[in-house]
Amino acid sequence: MNDQSGNVITQFFAWLAAISAALGLSTQDIVFMFFGLIGVLLSLGSFIFGRMDARKLHKEDEKRTKLLEKYFEDVHQLPPEQRPSSVKVVTDAINRISANAK
């Protein structure tokens, strides 16, 4: 017999085989379940971080909208001849949209 001490990889697979035998499963089943668990964790992490990014973008859009509303309110206080021409175009477009929406 060749009595050599096993390295870390040999010990890992020996423990894996012993655990799977104790559970009544094959080593292949345990490995598949392990990698399946990794896939589930990656998918869950991807979903959670995607929702966090979407929430952050939504908050930025809300902040941008509030800033634009405040700017248009401030410009609306000016007499029509002192308003910037770009604001006139945007105001006319918004008025047309709100008139058609009713």
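All residue numbers in this chain count up from 1 along the given sequence.
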- Residues which pass side chain to side chain contact (heavy atoms under 4.5 Å, CB included) with E69, listed by chain and number, not counting sequence neighbours: T65
- Message: Which Ile, Leu, Val, Met, Phe, Trp or Tyr residues join V89 in one cluster when any pair of side-chain heavy atoms under 4.5 Å counts as a link?
- Response: none
Report all side-chain donor-acceptor pairs from residues 37-59 shorter than 3.5 Å, counting only partners two or more places apart or in another chain.
{"from": "S43", "atom 1": "OG", "to": "G39", "atom 2": "O", "distance (Å)": "3.0"}
{"from": "H58", "atom 1": "NE2", "to": "E62", "atom 2": "OE2", "distance (Å)": "3.0"}

- Message: The criterion is side chain to side chain contact (heavy atoms under 4.5 Å, CB included); which residues satisfy it with Q28, sequence neighbours excluded?
- Response: S26, F32
Name the atoms and distances for all side-chain donor-acceptor pairs under 3.5 Å in residues 14-21, with sequence neighbours left out.
{"from": "S20", "atom 1": "OG", "to": "L16", "atom 2": "O", "distance (Å)": "3.1"}
{"from": "S20", "atom 1": "OG", "to": "A17", "atom 2": "O", "distance (Å)": "3.0"}
{"from": "S20", "atom 1": "OG", "to": "T27", "atom 2": "OG1", "distance (Å)": "3.4"}

- Query: Partners of L25 by side chain to side chain contact (heavy atoms under 4.5 Å, CB included), sequence neighbours excluded?
  - Reply: L23, D29, I30, M33
- Message: Working to the nearest 0.5 angstrom, can you tell me the gap between N7 CG and F12 CZ?
- Response: 12.5 Å
